[in-house]
Amino acid sequence: MICSVKQSVITPTINGSDTIFRRKNPSAIQRSFIFPSLNGDKSSKPVLSMSKPLHVSKVESFALSKPQKRSLITCKAYEADRSEPIEAPEVKSEAAKKVKIGIYFATWWALNVVFNIYNKKVLNAFPYPWLTSTLSLACGSLMMLISWATRIAETPKTDFEFWKTLFPVAVAHTIGHVAATVSMSKVAVSFTHIIKSGEPAFSVLVSRFILGETFPSSVYLSLVPIIGGCALAAVTELNFNMIGFMGAMISNLAFVFRNIFSKKGMKGKSVSGMNYYACLSMLSLLILTPFAIAVEGPQMWAAGWQTALSEIGPNIAWWIAAQSVFYHLYNQVSYMSLDEISPLTFSIGNTMKRISVIVSSIIIFHTPVQPVNALGAAIAVLGTFLYSQAKQ
């Protein structure tokens, strides 16, 4: 609003933040509704002149006094040459949120690709998946303990009930983590992730026959390309291994139960995604360590370490450290992204992550792929995407 008013006789200067209505002189209120009284003191010879246009910036209401509940309007103005730019907070916040989600996804995919590359390199030279899985959890737990101690990250407030509800989640997470690592120690990274793209099929079957949930027909139809694509990829895999195949299948089933336990047990728990995964890693580490010692043991590890050192050299230590760090980081970022996005967006992001891992591993490790095998992988990934759409 721009106004310019001139009058030769009177002109009290209008202050941009002055209140239009005054309380002390009721009779003057009505006369000064538009302009002050013409019978004022002429000796002051005020001049009503606004040399600079004014803009209305804020309108407030307030009470005259406690006994009176009458509201008045205050008009605040500022000069045009000092005006503040008009901002749209909602538009800016929405754009900032999209950028933030994009950064989460890009970081998540990149960290996951790097982890899978180093993990496969370690398993090729040092084929002890139980120890490798344990070191991944131990590294992440140590990183978070340091973050809490140095106050880089806020320490979560937990109680016995929290750890009690987290325990079944940690058991399922441990099984899924070890099974996936065992799978990648026996078959190509791309094949493991093709089979792991069939996780939605396990989710629907478990929810339907164990939990009694029902789904629309579109969800069941989306399972056809998932199951068909995984079967086609498995049949045409050049380096098929039953242990590797079963490891990926068990990992799918375990992660389905992990998600179910997590949804049921963690409702109402005020723990951030980053701290939730940190607690999950620590509890999984306590569960896994005795089993890793029992299954493989220090003697096997020592012999395997000497062999790896003789073949690879000191780089094997850096590979193990890298795969452990990147495993924790990519999982941490994925859990942090859950605080910002919907489950549908997360599912789509997870599908795209598998595509990036499959393609990058094929390129880096020069994995031989037949056209029919690639077709099966594409069908399975497409079915996963359709499932995420139908589920919502």
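Residue A179 comes nearest to G247 through the heavy atom pair CB-O, 3.3 Å, listed as atom of the first residue, atom of the second, then distance. The shortest non-hydrogen separation linking T192 to S183 is OG1-OG, 3.0 Å.
In this structure, F245 and F191 have tilted ring planes: the angle between them lies in the 30° to 60° band.
For the pair E154 and M274, the minimum side-chain heavy-atom distance is 4.5 Å or more. Residues L166 and C279 have side chains in contact (heavy-atom distance under 4.5 Å, counting atoms from C-beta outward).
Note that CZ of F126 and CH2 of W319 are 13.0 Å apart. Values are rounded to the nearest 0.5 Å. Distance check: F115 CZ to S324 OG gives 8.5 Å after rounding to the nearest 0.5 Å. If you take CD1 on I250 and CD1 on I195, they are separated by 13.0 Å, rounding to the nearest 0.5 Å. Considering CE of M282 and CG of L142, their distance stands at 9.0 Å, rounded to 0.5 Å. Between atom CE of residue M336 and atom OG of residue S272 there is a gap of 8.0 Å, rounded to the nearest 0.5 Å. Considering CD1 of I316 and NZ of K121, their distance stands at 9.5 Å, rounded to 0.5 Å.
Hydrophobic cluster membership is shared by L288 and W163, with clusters built from Ile, Leu, Val, Met, Phe, Trp and Tyr side chains linked at under 4.5 angstrom. L386 and I379 end up in different hydrophobic clusters when Ile, Leu, Val, Met, Phe, Trp and Tyr side chains are linked at under 4.5 Å. Note: the hydrophobic cluster containing I287 also contains L145 (ILVMFWY, side chain heavy atoms under 4.5 Å, direct or indirect links). No single ILVMFWY cluster, assembled from side-chain heavy atoms under 4.5 Å apart, contains both I152 and Y276. Under the 4.5 Å side-chain heavy-atom criterion for Ile, Leu, Val, Met, Phe, Trp and Tyr, L137 and L283 are members of the same hydrophobic cluster.
Checked against a 6.0 Å centroid threshold, the rings of F255 and H177 do not count as neighbours.
A donor and an acceptor atom, one from each side chain of Y277 and S334, are nowhere located under 3.5 Å apart. Side chains of T367 and S190: a donor-acceptor N/O pair is absent below 3.5 angstrom, by distance only. In this model, no donor atom of one side chain and acceptor atom of the other lie less than 3.5 Å apart for T134 and T289. Remark: the N350 side chain and the K353 side chain contain an N/O donor-acceptor pair separated by less than 3.5 Å.
Side-chain atoms of K120 come within 3.5 Å of backbone N or O of M184 as a donor-acceptor pair.
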Criterion side-chain contact (heavy atoms from CB on, under 4.5 Å) on T132 and I320, from CA distance to verdict: CA-CA 8 Å; T132 304; I320 292 175; over 6 Å; no

Using side-chain contact (heavy atoms from CB on, under 4.5 Å), reason through S284 and H173 one step at a time and then give a plain yes or no. CA-CA 7 Å; S284 295; H173 178 74; 3.4 Å; yes

Might you work through the side-chain contact (heavy atoms from CB on, under 4.5 Å) test for S133 and Y327, ending with a clear yes or no? CA-CA 10 Å; S133 302; Y327 172 78; over 6 Å; no

Please report the C-alpha distance between L329 and M143 in whole Å, then the side-chain angles of each, then the deciding distance to 0.1 Å, and finally whether the side-chain contact (heavy atoms from CB on, under 4.5 Å) criterion is met. CA-CA 10 Å; L329 290 178; M143 290 170 61; 3.8 Å; yes

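Counting heavy-atom neighbours within 6.0 Å of F365 CZ, excluding the residue itself, gives a total above 12.
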Would you give me the side-chain donor-acceptor pairs under 3.5 Å for residues 292-312, sequence neighbours excluded?
| from | atom 1 | to | atom 2 | distance (Å) |
| --- | --- | --- | --- | --- |
| E296 | OE1 | L131 | N | 3.0 |
| E296 | OE1 | W301 | NE1 | 2.8 |
| E296 | OE2 | W130 | N | 3.0 |
| T307 | OG1 | A303 | O | 3.1 |
| S310 | OG | Q306 | O | 3.3 |
| S310 | OG | T307 | O | 2.6 |

Quiz: residues 99-110 side-chain donor-acceptor pairs under 3.5 angstrom, not counting sequence neighbours:
| from | atom 1 | to | atom 2 | distance (Å) |
| --- | --- | --- | --- | --- |
| K100 | NZ | E340 | OE2 | 3.3 |
| T107 | OG1 | I103 | O | 2.7 |
| W109 | NE1 | G349 | O | 3.0 |

Name the atoms and distances for all side-chain donor-acceptor pairs under 3.5 Å in residues 196-216, with sequence neighbours left out.
| from | atom 1 | to | atom 2 | distance (Å) |
| --- | --- | --- | --- | --- |
| K196 | NZ | S251 | OG | 2.9 |
| S197 | OG | I194 | O | 2.4 |
| S207 | OG | S203 | O | 2.8 |

Side-chain donor/acceptor pairs under 3.5 Å, residues 219-243, sequence neighbours excluded:
| from | atom 1 | to | atom 2 | distance (Å) |
| --- | --- | --- | --- | --- |
| S222 | OG | V219 | O | 2.5 |
| T236 | OG1 | L232 | O | 2.7 |
| T236 | OG1 | N373 | ND2 | 3.2 |
| N241 | OD1 | I243 | N | 2.9 |
| N241 | OD1 | G244 | N | 3.0 |

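Screening residues 136-152 for side chain to side chain donor-acceptor pair (under 3.5 Å) gives S136-Q323, W148-N275 as the qualifying pairs, with residues at least two apart or on separate chains.
Applying the side chain to side chain contact (heavy atoms under 4.5 Å, CB included) test between L280 and each of T174, L285, V169, N331 identifies V169 as the sole match.
Every residue was checked against the side chain to side chain donor-acceptor pair (under 3.5 Å) condition with W318, not counting sequence neighbours, and none meets it.
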